[in-house]
Structures are given as C-alpha cells and as structure tokens.
Amino acid sequence: MADDLFNSFMNGPDEQGRFGIFGGRFVSETLMPLILSLEEEYNRAKDDPAFWAEMKDLWTHYVGRPSPLYHAERLSTELGGAKIYMKRDELNHTGAHKVNNVLGQILLARRMGKTRIIAETGAGQHGVATATVCAKFGLKCIVYMGAHDVKRQAPNVFRMRLLGAEVIPVTSGRGTLKDAMNDALRDWVTNVRDTFYCIGTAAGPHPYPAMVRDFQSIIGKEVRWQLAEQEGEGRLPDTVIAAIGGGSNAIGLFHPFLDDPSVKIIGVEAGGKGVDDRIQHCASLTGGRPGVLHGNRTYLLQDDDGQIQEGYSISAGLDYPGIGPEHSWLHESGRAEYVSITDKEALEAFQVSCRTEGIIPALEPSHALAHVMKIAPKLPSDHIIVMNMCGRGDKDVFTVAKHLGFDMSDTEEGRSFEE
Ligand SMILES: *Cc1c(COP(=O)(O)O)cnc(C)c1O
C-alpha cells in the first residue's frame, strides 16, 4: 500500500466539531470532561506516526486492506452506460467497513489505558466488529442493543457472545438503536475511570463524527490511488456513491474528494416503503428536519413536537433516525446530493449484483447500487462511477428469502436456522 496514503491522515483540517451549523457537543456537564480528554488524546494520536503505523499494520494483516477496487464489467455492459467500479469493503474481516473505525477507536482506548469498552449496536454489525477487536486485544466488551433488535438479530447476538462480549438488551424507549445509544452514554458517565465508548457511525458529540470519518476515510484514499495508479485510469472518478445509515462508510468514501469539484458525490438513504409515508422510511435528509440527538445537531426524523420517530427500512443497518452532522452540512451547502431508494428497488439491485457479478451484497450497499442502476444508463461510457460495496450479504439472505417468497423452512438449513 502506498505510504503517502498514511501520511495524508496527519495534519488534517481541524473543524472544531462544527460543520456549518451542524455537529457540536450537546452533552451534560458530567460527560464533558470525558469528551475533552478523548479529543485531546485523538488530536495527539492523529499527528503521531506511530499511531498510524500500528493502524496500517492491523489494517493490512488483520482486516485485509487495501480492499480491492473492482471493475464491474458485466454490470456496466448490462446497464449500457457509465463504467462502474465497486470498492470491495465487504471483503474486510467481519464483512463490512465497521472494523476500519473500531480498530482506530480501540487503539485509542489502549493509549488512554482504558480496559472496558462499551458500544451500541442496532443490527449488530458494529457490536460484532467491536467484540472482535476486543477479543483480539483481551479487552472487556459490553454491547448495548435494543431488546427489539436482540430478538430480530439473534445470529449477531450469538456471534458477539462467542467473541466474549456481554450483550445488554435495552428496554427503555422503543428498544431500538436510538435507545441503545442513550444507555451507552449513561454507562459512560457512570464508569468514567476505565471505560471507553466506541461509537459505530460518524455521529455523536465532537470529536466522534470527525474521528470516525478520519478512520473511515481510508476507503476514499485507497479509491483515489487505486483508480489512478492501479487501474491505470490516471484520473479521479466522476461520481462516487454510497449508502447512508449514520453515514460513516459514505463520509469515508466522500471526504477525500470534497475538494475536487469535478467529482459528483451522492449519498443514498433508505426510502423504505416510500418517503411520502412519514414513518415508513429512514431518510433523515430527504424526509427529516434539523434537531439535536446524541450530542449533535443534525437532520432527524421527528414529529411536529420534535419527538424522534423510529425509522423503517428493509435493511436493519440503515434505520438510524439521524445522520452524521457532516452530511447535513454537505446537503445544505449543496456539495453532495442525497437521494432515497425504496426497499423494492434495493431488493432488485441485490439480485442484479448476484446475477451479473457473483457478488452477494448486503442490503445497505444494495441501496447505493440501485441508484447506480438508475443513473448509469444515461451516462457516457467514459463516465467513471465508484460505489462502495460496504458489506456482504450473508447476514441478509434470510430477509431477502422472505421478501422473495422463498420458504427456507422447507430446507434442512432453514430448519436448523429456525431452531
Ligand atoms: C452499519 C452498516 C451501514 C450503515 O452505517 P454507516 O455509518 O452509514 O456506514 C451500512 N452498510 C453496512 C454493511 C453496515 O454494516
């Protein structure tokens, strides 16, 4: 991997946690000293070559980076327009991009002498990534998960337990991701001395959104280098596209291209059953309004009284009712475009990827792919699109089977999964 990829992490811009009027640090006084010491430690680590050397070593040997940049030739031909590349982050250890960020935060926790790691998780992917890295370093791991999600995501709950983590079902509120994050914040305040809170997306109070983005921006940095050098295109992509839950894989792909005006940037939110229907989607930017949640100001799904509403998506990894604050800023400044894709369109794209490329994608990046399928046919053949294939579909085959009317209980495998 090119060494200057890593040097470019250091001495980056320090936006003080504000992205226009979004972001910030809306936390209680008791949390403030914790957040400040985290910020101080991160600023020190960010400019320390030894920190990035350790990251590079783990990214290479534990995660399997760089992930390939892959020319999806048959898909490009089938759609008959733009030249489509997939950034294969689904090939990372643990099957998605989450581990990029978890490694960074756990190394930071180690530098701070913290021995107890807490995390929130919705679908369970961030919980699994955190439990994985904690196992690797022999750290105690506690994962807060909405009671409702614990039931829906049994295989990931079992994975976390196998990896030695304690999973705490959260019954407050509606028992979903938002409530799990609240309980994790509460735990942090109570266990100040030994605990590090590892957040799973580019949200939360400053410095989390900037820090998570920095860790995930390895995705975009690799794309820049791979497309120009490795693929021999000798230039930047024309369009970059990624799916958005809280927005960490997307900002990781987008950030290294923000200052290149020729690169069009598109974020794809979960349109669920349609954005007109107020609660049957999870498109915070397309269907929400600004407010404050989990320590930052950003676009949120809320009712007329400002109460947070639960989102809905076929993809459990996309149903966070907010979005990282930097995306709210990129949306309002017009630098990035945000669109939404329905469950139905994502399911269609899921199958197209399987059939044309032999890649079973997660339902989250299937949303990004669905938008690629909409725009690619209208673009010229020298237009380069890079989409982030941010996760693999093993975890989603049962959901997809159900939606396609395939009865898994008819098969031996189906029965043993049900038991
Ligand atoms: C968690 C997850 C997402 C959503 O999180 P972001 O922070 O928006 O990236 C998307 N795709 C996959 C595969 C995930 O596991």
Side-chain angles (χ1 to χ4, degrees), residues 67 86-102 105 119-130 132 143 145 149 153 155-156 159 177 180-181 198-204 208-209 211-220 240-255 266-270 282-285 294 296 298-299 311 313-328 330 336 338 340-341 346 349-350 353 359-370 387-397 399:
S67 66
M86 293 173 175
K87 176 62 170 162
R88 305 285 308 276
D89 253 52
E90 99 277 14
L91 295 176
N92 294 338
H93 181 42
T94 68
H97 61 287
K98 297 259 174 20
V99 70
N100 302 332
N101 161 50
V102 169
Q105 291 196 48
E120 85 293 336
T121 199
Q125 296 300 108
H126 175 59
V128 169
T130 307
T132 298
V143 180
M145 187 170 189
D149 289 331
Q153 310 291 338
N156 273 342
R159 276 186 195 107
L177 175 59
M181 201 154 171
C198 180
I199 296 188
T201 191
Y208 283 100
M211 178 172 71
V212 174
R213 173 208 59 210
D214 290 347
F215 292 143
Q216 290 294 1
S217 71
I218 184 67
I219 298 171
V240 292
I241 301 188
I244 297 194
S248 70
N249 87 85
I251 202 69
L253 173 65
F254 299 170
H255 199 259
I266 306 176
V268 184
E269 295 191 296
C282 209
S284 316
L285 284 178
H294 298 141
N296 71 100
T298 190
Y299 273 77
S313 166
I314 187 176
S315 157
L318 297 182
D319 67 4
Y320 180 60
I323 183 168
E326 194 163 5
H327 288 292
S328 293
L330 293 173
Y338 293 87
S340 69
I341 281 292
F350 175 99
S353 174
I359 294 172
I360 302 179
L363 280 168
E364 294 89 352
S366 297
H367 285 71
L369 183 61
M387 70 145 287
N388 196 20
M389 184 58 81
C390 58
R392 55 180 174 242
D394 313 31
K395 69 183 177 62
D396 292 323
V397 290
T399 307

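Order of listing sets the numbers, starting from 1, for every ligand and every atom in it. Values reported hereafter were calculated over all heavy atoms of this structure, with side chains retained and with hydrogens, waters and symmetry mates removed. For reference, positions follow the sequence shown, starting with 1.
Proximity of His97 to ligand 1, defined as any heavy-atom pair under 4.0 Å, is confined to the side chain (atoms from C-beta onward). When non-hydrogen atoms are compared, ligand 1 lies under 4.0 Å from the backbone of Ile244 (N, CA, C, O) but not from its side chain. The proximity of His126 to ligand 1, defined as any non-hydrogen pair under 4.0 Å, does not occur for either the backbone or the side chain.
Polar contact with ligand 1: present for Gly245 (N/O pair, distance under 3.5 Å). The N/O atoms of Gly246, backbone and side chain alike, include one that comes under 3.5 Å of an N/O atom in ligand 1. Geometrically, ligand 1 and Ser248 share a nitrogen or oxygen pair separated by less than 3.5 Å. Close N/O approach between Lys395 and ligand 1 is not found [any backbone or side-chain N/O within under 3.5 Å]. Residue Ala96 has no N or O atom closer than 3.5 Å to an N or O atom of ligand 1.
The distance from ligand 1 to the heavy atoms of Thr201 drops below 4.0 Å at these ligand atoms: 6 (P), 7 (O). Every atom of ligand 1 with a heavy atom of Cys390 under 4.0 Å away is listed here by number and element: 10 (C), 11 (N), 12 (C), 13 (C). Interface of Gly391 with ligand 1, defined as ligand atoms under 4.0 Å from a residue heavy atom, comprises 13 (C). Listed by number with element, the atoms of ligand 1 under 4.0 Å from a non-hydrogen atom of Gly247 are 6 (P), 7 (O), 8 (O). Under a 4.0 Å criterion applied to the non-hydrogen atoms of Gln125, ligand 1 contributes the atoms 15 (O).
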Exercise for the section: Determine, stepwise, if the pair Ser67 / Asp89 fulfils side chain to side chain donor-acceptor pair (under 3.5 Å). Expected result: CA-CA 6 Å; Ser67 66; Asp89 253 52; 2.7 Å; yes
Exercise for the section: Check the pair His294, Tyr208 against side chain to side chain donor-acceptor pair (under 3.5 Å), reporting the backbone distance first and the verdict last. Expected result: CA-CA 11 Å; His294 298 141; Tyr208 283 100; over 6 Å; no
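Residues passing the salt bridge (Lys or Arg N to Asp or Glu O under 4.0 Å) test with Arg392: none are found, sequence neighbours excluded. Legend: residues meeting salt bridge (Lys or Arg N to Asp or Glu O under 4.0 Å) with Glu120, ordered by chain and number and at least two apart, are absent.
In this model, a donor atom of one side chain and an acceptor atom of the other lie less than 3.5 Å apart for Ser315 and Glu364.
Annotation for Cys198 and His126: closest pair O-NE2, 2.9 Å, computed over non-hydrogen atoms.
For atom 4 (C) of ligand 1, the nearest protein heavy atom (residue, atom name, distance) is Gly317 O, 3.3 Å. Looking only at heavy atoms of the protein, atom 1 (C) of ligand 1 is closest to Lys98 NZ, 1.4 Å.
Ile323 has its side chain within reach of Glu269: a pair of non-hydrogen atoms, C-beta onward, lies under 4.5 Å apart. Within the 4.5 Å cutoff, no side-chain heavy atoms of Val99 are placed close to those of Thr132. When side chains are defined from C-beta on, His255 does not count as touching Gln216, because their heavy atoms never get closer than 4.5 Å.
The aromatic rings of Tyr338 and His327 sit perpendicular to each other, their planes meeting at more than 60°, with 30° as the lower class boundary.
Under a 4.0 angstrom heavy-atom cut-off, Ala250 registers as lying outside contact with ligand 1.
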